[in-house]
Structures are given as structure tokens and as C-alpha cells.
Protein chains: 2
Amino acid sequence: MKTNLRKYRFEQDDLSQQQLADMIKVSRQTIVAIERGDYNLSVKLALLLARKLNTTVEELFQLEEKDYV
Amino acid sequence: MKTNLRKYRFEQDDLSQQQLADMIKVSRQTIVAIERGDYNLSVKLALLLARKLNTTVEELFQLEEKDYV
DNA sequence: ATTTAATGTCAAATATATTTGACATTATGT
DNA sequence: ACATAATGTCAAATATATTTGACATTAAAT
């Protein structure tokens, strides 16, 4: 799962991981894991993140080759 | 989690639950659960579904009041 | 130089998504 | 009326997301 959450976190509001985590009520480790991209979050979190960062799920997360079926 | 997966499944390609499940390599029960809306699928599945049905994650899934934080 | 905030990472525990199998009900076709 | 496909639903098992806690490292501020 490719993501540019980190880019948006900085460019949009310059939030810390902790601030972003608090905004959507998850742990900071969850944000870390998502940014590392090795991890398949729920669509609910994805929608909340996209909403907070004024963008879309598709813009924030992209499938990679290995994800296609 | 509000969804109109069912609507898209019919309107776009008139697929059966089983056909759609096969296309994205999940079980039929997963499709059933998603359509029932009581269930928070992964963003990877959401992206695959949106892709197969020629739409977006936001169009397919919407947060409800209780989901907002 | 020293404090403080931000980040990276690990492991264990817990919650929840997803699968598998099985059976009942409803719709569709012949 | 009968067969077949599609759907609804349940429970148990398994896989994986998410949390919690703890500690190390890096960046920023004073």
C-alpha cells in the first residue's frame, strides 16, 4: 500500500503524528505504521484521514502491483 | 459505515455477490457483510472494489454520524 | 549544553476483519 | 413443479489491525 499521508500531514497542516492521531482517535503507533506503508488500515480510518487533510482516499492511498488481483 | 456497494454491483455490471467476491479474491460472506454495512473493511478492499466498479472509495462508502470523531 | 518535543521501533495483548463450512430462503429458468 | 443460482445468516477458526507500554534516537528551542 503506497501512501503519501506523511506528505499531506506536513503540507496541509504541519501536524505532528501525535496531533493527527488524536484528531482521529487512534494511537500514534497506528499513524507510524500507516506512514511506513506496510499496513492495511480500515476504510473508516482512511476516510477520516482524507477528511481531516482535505483530500480523498485515492489521493492518500494507492494500490501497488502486488495488491492487484 | 454507509455503503451503496449493492447499488453499484447491480447498476454497473449486474454482478452476483460471488462474482464480485471472486474478482477481488475475498469470500462471498465478506461481500455480504460489507453490503450489510455493519462492518469496517480494509482500505485495500475498498480501493479494489472502487476500481472494479469504476467509482471512488468516497462514492462507495460514507461515514455516518457515529463514525465522526 | 541541556531540556523538550517529535519520531522510530519492538513486543505483547486485545479487538476485529476475513475465511470456512454449513444450512435455509428466495428468486429465476425450464 | 422442479432444478439451479443467488442470497441471508450463523458460529467457529484464523489472520491481521490496533492498542499499550516502554525505550532509543533525532530535531528544535532555550
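Numbered from 1 within each chain, the chains take letters A, B, ... in sequence-line order. If you're wondering where the values come from, they're calculated on a predicted model, not measured in any experiment.
The shortest distance between the side-chain N/O atoms of A:Arg9 and the OP1/OP2 oxygens of C:dT7 is below 4.0 Å. Between B:Arg6 and D:dG8 there is a side-chain N or O to OP1 or OP2 distance below 4.0 Å.
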Measure all distances between protein nitrogen or oxygen atoms and nitrogen or oxygen atoms of nucleotides 28-30 of chain D, and list the pairs falling under 3.5 Å.
none

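One interatomic measurement links the two molecules: CD of A:Gln17 to C1' of D:dT26, which rounds to 12 Å at whole-angstrom precision. Across the protein-nucleic acid pair, A:Phe10 atom CZ and D:dA27 atom C1' stand 11 Å apart, rounded to whole Å. B:Leu20 places its CG atom 14 Å from the C1' atom of D:dT7, with the value rounded to the nearest Å. Protein atom CD1 of B:Ile31 is 16 Å distant from nucleotide atom P of D:dT9, rounded to whole Å.
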| note | For nucleotides 18-30 of chain C, 5' to 3', base contacts (B), sugar-phosphate-only contacts (S) and non-contacts (-) with protein non-hydrogen atoms under 4.0 Å give BBBBB--------
Enumerate, atom names and distances included, each donor-acceptor pair closer than 3.5 Å involving a side-chain atom of residues 50-60 of chain A, sequence neighbours excluded.
unit_1	atom_1	unit_2	atom_2	d
A:Thr56	OG1	A:Glu59	N	3.1
A:Glu58	OE2	B:Val57	N	2.7
A:Glu59	OE2	A:Tyr8	OH	2.9

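When the local axes at the two ends of the helix from C:dA1-D:dT30 to C:dT30-D:dA1 are compared, using 5 base pairs at each end, they differ in direction by 60° after rounding to 10°.
Pairs of residues two or more places apart, or lying in two chains, never qualify as salt bridge (Lys or Arg N to Asp or Glu O under 4.0 Å) while including a residue from residues 12-25 of chain A.
Residues from residues 56-68 of chain A lying near DNA chain D, meaning a heavy-atom separation below 4.0 Å, are absent.
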